[in-house]
Amino acid sequence: MIINGVTIDNTFAEAFNMRGTRVIITAQNHKWAYNGANAMTGFATSVIGCGVEAGIERELSPTETPDGRPGVTILMFAMGSAVLMKQLETRMGQCILTCPTAAAFSGIDSGYPEITRINLGKNLRFFGDGFQTSKQFGGKRYWRVPVMDGEFITEETTGMVRAVGGGNFLVLAESQPQALAACEAAIEAMRKIPNVIMPFPGGVVRSGSKVGSKYKSMFASTNDAFCPTLKGLTRTELSPGIESVMEIVIDGLTDADIRKATRAGIAAACELGAQNGIKRISAGNYGGKLGPFHFHLREIMNDESLGKKIA
Amino acid sequence: MSALTFTLKIQPRQRVDLSPLTPDNLAGKPAAEIAAIELYSGKQKLRADTVFDIAGDDASNIVIANSCNKLDFIGHGMKTGRISIHGNAGSYLGLQMRNGEIVLHGDADAFAASGLSGGLIHIHGNVGDFLAAAIAGDKQGMKGGTVIVTGNAGERVGDQMRRGLLLVEGNVGSYCASRMLAGTIGVFGAVGEYAGYGMRHGTLLLTQTPALHATIQDCGLHTLPFLSLMFKSFSNLPTKFAKINKNRVQRYAGDLANDGKGEILVLQ
Amino acid sequence: MEKSAQPASMDNALSGTVTCPACGLLCDDLVVENTDGNIKVRQKGCAKSVTFFERPQQNPSPRIAGKTADLQSAIKKTAEILRNANQPLITGLGTEAHGMRAIMSLADRAGATLDHMNSNSTIRNTLVLQNSGWQVCTLTEVRNRVDLLVIVGTDIVSLFPRFFERHVWNEQSMFGQDTAAREVVYLGGRDIDTTPGISPKGVQPGILPCDIARLPEVVAALHALVSGKKLLAENIAGIATGDLQKLADRLLAAKYSVIAWSAAALDFPHAELTVQNITGLVVKLNNTTRSSGLPLGGNEGDISANQVSTWISGYPVRNSFMRTYPEYDPYHFATARQLDSNEADALLWVSSFNPERLPPSCKVPSVVIGHANMTLAAEPDVFIPVGTPGIDHKGTMFRSDNVVSLPLAKLRESTLASLSEVITAIENALKEQQAC
Amino acid sequence: MLIKLAGGTVYDPAHQVDGKVMDIYVRDGRIIARAHDGERIDREYDLRGKVVMAGAIDMHTHIGGGKVNIARMMMPEDHRGDPVAHSAFCRAGCGHAVPSTLTTGYRYAEMGYTAGFEPALLPTNARQAHLEMGDTPIIDKGGYAMLGSDDFFLRMLTAKQDQNAINDYVAWTLHASQAIGIKVVNPGGISAFKFNQRALDLDEQNVHYQVTPREILKALSRAVYELGVPHPLHVHGNNLGVPGNVETSLKTMGAVEGFPVHLTHIQFHSYGTEGDRKFSSGAAAIAEALNKHKNVSADVGQILFGQTVTASGDSMRQHANAVFGSPRKSVIMDIECDAGCGVVPFKYKDQNFVNALQWAIGLEIFLLADDPWRIFLTTDHPNGAPFTSYPHLIRLLMDKSFRNDMFAKLNLDAQAMSTLSSIDREYNLYEIAIMTRAGAARLVGLHDRGHLGVGAGADITVYTNNADREKMFAKPDYVFKDGELVVKDGQVVKVTWGHTHTVKPEFDRGIEKEIKKYFDTYHTMNMEHFKISSEEIAEGGRGGVVVHECKGRREKTA
């Protein structure tokens, strides 16, 4: 399959079951909503080192938020519910409780077959040292914690669902600037897709990894098959002329969300086309043995139900 | 199907206990059985059909017509359906009601909505003392649900109220929100003395500053973001509270005598 | 040991162990003399006991509609009135335990509602007991332990004349305390007689006056101060907050403080909330030191009536047997509400201790079973005079503290039946009528 | 009146009768050997296939007196759930946690019980207790007078008065309060609480009197023994409900130095401190000690799940427990420099770790104690559960699979801390008859109750044998009280008044002078009024006072 001169490899991305949640952060204005949300989703690129993978999903207008203020939504994913709950609580405490004017609300209340309520502000209330108070509106409980700027408002819980993490595709290009430009285009398109985040810096990761290492203490190491400078030293996956590879990793609330995001991203990258040095789109997998979700690139790009028609 | 209608045809001297006449209790009962239900009034037990003309067949929609203030325990413990009352109701309207809806077109006597834990009671009229308050021995009054009173309410509104929303559009008597445990009481009109006496938690939302006793202390003027959430939750209720959209309030807290952290918020 | 502990009939004799039911203290050290049926208090009297014991002996007849009738007819008529009523009210209840036992049985059979003439006061305490409970003590504990006595809203002595003599300024105490060094503080009330609170050494009591109706605020403030809160107000109902703070500090420093109140004196709406603040602050004090509340009551047999009513029905008065099982509704079963609403359709008023406690005026058939010396403003359908417990017949009465009960003695011969005899006869008559 | 109970299967452990088919004759309220030749039998009951036992005796049940009535008064919300309408035979009242007096009598009788003993009769409140018991119909009753925190007695100990004087005071108290035994509650602790002590261990001194609980226990158990009072000193030990109190209980057994002693509601005193939550079962150690100390008996004070109310003289411990109350209310009283009381409503929950383990601990004690003559079936009504739950408790003891099913529903952590499911023992009918009849009568000192021998008062219960023991014991076919049929098919058919059982041991009346002086100096009531007359108890045609012999009165020691 070739789109705009770019070869779509006949391969698939392999993804895993995760637990995901969404939180709505509001504040006096978008600036402070982002300040809180950026802090909360910082250092959350990969579960391997950060516990969770998190990112800002989208911006909300005042009419879309529970308290009628500007806001953003955050998605957060982890391999298990315990770690997700722990990370959510820690990040809420350090990044939202602390952020001037910020408030936090549940982002998932319905629409999924299985929603578990997990603590959002339930334990943060104890920061109130007995002065905290709760209110219930519309069957939801909110906590009011007195703080120096007034009151910190947080919903008691948010919803956690079964989610999918590790969707990905690789952009193989003739040069590093070209690879990055394609990825930027892809991310810009993918950010319009709901229910997904691309947790790496700017949405892009350059250090793809393989399982295992020559060093006993490492359980993963650089994916030498895709490292352009090692073409002559290893069993390379790269065709000649490819000088740079970058990856976009996608976590989503469902596999359909990841498909849509994958299609939008690849389409945008391909729009730059071979004329801009984009040679191939590939994907990372473990031979299909580890993850239950397989995102076959060609299938996704052929499935017009997933997004707009590709030229 | 038409509403199951009980039209009062006597003037009872003693209070009549209507607790058997709830949608849950009457569901599926044939007319003859409903007619034969016995209702306590003083020492006597009166057959329902000697007290009421009974018509209609939809037990999920009960109407009490020509009602008077001797008819007690209407909607006692009801879990489903709707009761509309035309005329006044006696005491204990909606006692320990769990869900469903009571609409009263008239006044209610004492202890309306006591122990209410869900559903809606809408009173188009005035209510007596101890609205949503706990009955003797109980530690909690209203425990959930919504009560709207278009008229005035008596003394001890919301005594030991534990949860839920209680909105009075008129005035209320003394000791409003006494020993309140949690929940929200809103009063549009004037409030009598000793508001919030013994209050432990919860919110009393007012539009006018009442006379406050010394253990309710001023915490200053504030813009409280939670009020936006609260007023949003009122927005589809049939009450003039739905139109409030201010969130700037004078905040008083207490009752300090009871280590209380309740609040009286006066809209500015 | 097997002989009766109750003094037998004492015609023309002196006795030194007479129990006085004229107030809830039930002092049982009175010396009285009986001269041909008229009693004189010779020793240990007080204004209330003299009034009680020294009423001239009278022996009126029962009356039906104002006309002299024999007892049997009056009993039969009373039973008819009860039988024909759909919501009979038995109230007043000025009686002791045995009379109350009989009333409970009659009420069950008659489907009656019960209330006491003092319930407007006693309910202020009962509602607290039923809501939060309390921490209280009895009179001997006060007599032997109190080091700081705080009296809320009353002088005590106008209702309980010998309180200070017997329980505060007693010469000896069990634990070697110098009783004259006890501190007394009057909190609330205006122009009350505080002289009984002056110690034998002449130390003046503390006095923090305020209008009775402002006590809810003052007591709340004291509770808050005892709990370590800081109040913004400098003056509370005319009392400097600093003075209240000093009182709070003294309470916290005392080894065994007692906070006394009389529910009768807290005569303002919803006074139970104020009582609950008093008992709440006692509980708070007991986190670190010892303190007890002291609710003072027991007049006109109110504690006795509530005790008996509670063990027989599960509820104190303002209960009802109209549904064949006991119900309790301290709001709706109040005498005034029952009569004002016209729901009660017969009234039976009982006052065997005090001829001055008269039934409320009412338009329904009424029966008065009362003290022989009673002068009624309106003639009831039936009047039945009964003997006075503690003078004309024996009895058992509960003291103010709800724990101690004492035997009341028969001091003279009387032809009057006791209340329990009359009530039991009414019940039997009712049983016969119901069987017909 | 002669009645014949024909052909029933009789369990009468006092006479070693274990399931023997036999006839019983009753003439004028007493059991006789047989009818005279030719004597007409007025009424014969065909009891073939039925189980016949003496009327059951509850040797520890709070049925009367101040704290019980406070509990009643403070719980209208509980009464509302169990209203009792009057019937052709019975008056109205209320049931559940603390039933009204009349209902208490009816419901005991309807379960085949014919006697109940109030274990915390405050002498200063004895008149009220007798008034309430006087309004408790059908069953016999009696009370154990509370001593041990009263000023007069503690003064005697401080002054190191000799045992004879103490014995005289104890005897005087039994007479004055019309009691059948002596109870001590948190020995010295109720007094200590008034001096602001918050705990008192067995060898810790009351700050005012400089006296320890051990000394109190020794003096009182010896006094009871030397006076020849059949019922040993009834002990509610120190540290009720405190984790680790199993040590106190074990020491208490030794503290009485061989004098007979009864440890009441021992379940509440059998707690260890093992495990993550520092709360564990001490049942095995208690049962082992109980098996070893033949001078010690105990009743269990089993807890069962649901709403009840704890009512105790132990104001010190109840004050500490008040924070656990549910609903949250409590009455704590200091009483007459004599005693105290504490009333705290309580809801035991099977998913609560502590409550679930308490449940298991009680049953472990029942099942590990070897001698049914020295262990008694109680819930410490209403503290552990209302007495109306006895049939359920009997089934738990008699039916292992039922017990294990219940156990399996408990809080999992509690299950992990209990060995209950590994205990195979099932009580049989003979053993139940010992615990609830013969043993209880012997323990209390009732010579003519609790058995079916010639001369016994004809208190007899007849059951239909049923594998479901709860059903069986909940609804006897017949209950006879003093030979009168009072219950048929589990319903009262006749209301009688039971007797009040007392003892009146001999003593030196000279002590009364001293007591009178003491009353006049310190008290607020006259000593003469402190005493309860027998006429008061029998007032209005109620059952009279029965005085039981204090057999084999021991010589006083110097």
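Note: hydrogens, waters and symmetry copies are ignored here, and every other heavy atom, side chains too, is used. Proteins come first, then strands; the chains are lettered A, B, ... in the order of their sequence lines, and each starts at number 1.
A centroid separation of less than 6.0 Å is found between the aromatic rings of H319(D) and F193(D).
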**Request:** Apply side chain to side chain donor-acceptor pair (under 3.5 Å) to Y315(C) and T310(C), showing your working.
**Result:** CA-CA 4 Å; Y315(C) 305 114; T310(C) 300; over 6 Å; no
**Request:** Would you sort out whether Q128(D) and E132(D) count as a side chain to side chain donor-acceptor pair (under 3.5 Å), showing the intermediate values?
**Result:** CA-CA 6 Å; Q128(D) 179 179 358; E132(D) 291 184 36; 2.9 Å; yes
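If you measure heavy-atom distances from N287(C) to chain D, the contacts under 4.5 Å come from the backbone alone. In this structure, chain C has a heavy atom under 4.5 Å from the side chain of R155(D), while its backbone stays farther away. In this structure, the portion of T288(C) lying under 4.5 Å from any heavy atom of chain D is its backbone and not its side chain. Heavy atoms of A339(D) lying under 4.5 Å from chain C belong exclusively to its backbone. With a 4.5 angstrom heavy-atom cutoff, F152(D) does not touch chain C via any of its atoms. For a residue to count as touching a neighbouring chain, one of its non-hydrogen atoms must lie under 4.5 Å from one of that chain's; by this rule N170(C) does not touch chain D. Contact of H79(D) with chain C is made through backbone and side chain together, with heavy-atom distances under 4.5 Å. Within the 4.5 angstrom heavy-atom criterion, only backbone atoms of R328(D) (N, CA, C, O) approach chain C. With a 4.5 Å cut-off on non-hydrogen atoms, K194(D) touches chain C through its backbone and its side chain both. Contacts of N306(C) with chain D are made by both backbone and side-chain atoms, with heavy-atom separations under 4.5 Å. Using a 4.5 Å cut-off between heavy atoms, F398(C) contacts chain D through its side chain alone, with no backbone atom that close.
The candidate with the highest count of non-hydrogen atom pairs below 4.5 Å against chain D, out of K255(C), E171(C), R143(C), is R143(C). Ranking N526(D), D334(D), I332(D) against chain C, the residue ahead of the rest is D334(D), based on heavy-atom pairs under 4.5 Å. Taking chain C as the reference chain and counting heavy-atom pairs below 4.5 Å, the highest number among T124(D), L102(D), T521(D) is found for T521(D). Ranked by non-hydrogen atom pairs under 4.5 Å with chain D, the options R323(C), R166(C), R109(C), Q307(C) are led by Q307(C). Most heavy-atom pairs under 4.5 Å with chain D: of the set L139(C), V283(C), V403(C), this distinction falls to V403(C). Chosen from D520(D), L122(D), N196(D), the residue pairing most often with chain C at heavy-atom distances under 4.5 Å is N196(D). Of the listed residues (A97(C), S420(C), S173(C), C27(C)), the greatest number of heavy-atom pairs within a distance under 4.5 Å of chain D belongs to S173(C). Of the listed residues (D338(D), N69(D), N125(D)), the one with the most heavy-atom contacts under 4.5 Å to chain C is N69(D). For the set P83(D), G66(D), G64(D), the count of heavy-atom pairs under 4.5 angstrom toward chain C peaks at P83(D). Ranked by heavy-atom pairs under 4.5 Å with chain C, the first of V331(D), T103(D), V343(D), D78(D) is V331(D). The most heavy-atom pairs under 4.5 Å with chain D, out of P316(C), G293(C), G314(C), come from G314(C). Interface remark: of the candidates T126(C), T19(C), L26(C), T279(C), T19(C) forms the most heavy-atom pairs closer than 4.5 Å to chain D.
In this model, a donor atom of one side chain and an acceptor atom of the other lie less than 3.5 Å apart for T396(C) and H98(C). In this model, no donor atom of one side chain and acceptor atom of the other lie less than 3.5 Å apart for E96(C) and S304(C). Counted by atom type alone, T140(C) and T524(D) present one or more donor-acceptor pairs between their side chains at under 3.5 Å. Between the side chains of S291(C) and N286(C), no donor N or O sits under 3.5 Å from an acceptor N or O. A donor atom on one side chain and an acceptor atom on the other are not found under 3.5 Å apart for Q177(C) and Y256(C). No side-chain N or O of T310(D) forms a donor-acceptor pair with one of N321(D) less than 3.5 Å apart.
Side-chain N or O atoms of S400(C) include one that pairs as donor or acceptor with a backbone N or O of G297(C) at under 3.5 Å. Without hydrogens or angle criteria, Q130(C) side chain to M74(D) main chain gives no donor-acceptor distance under 3.5 Å. Judged purely by atom type and a 3.5 angstrom limit, K394(C) has no side-chain atom pairing as donor or acceptor with the backbone of L408(C). At distances below 3.5 Å, not a single donor-acceptor pair connects side-chain atoms of Q135(C) with backbone N or O atoms of S292(C). Listed for the E512(D) side chain is no donor-acceptor partner under 3.5 Å among the backbone atoms of I515(D).
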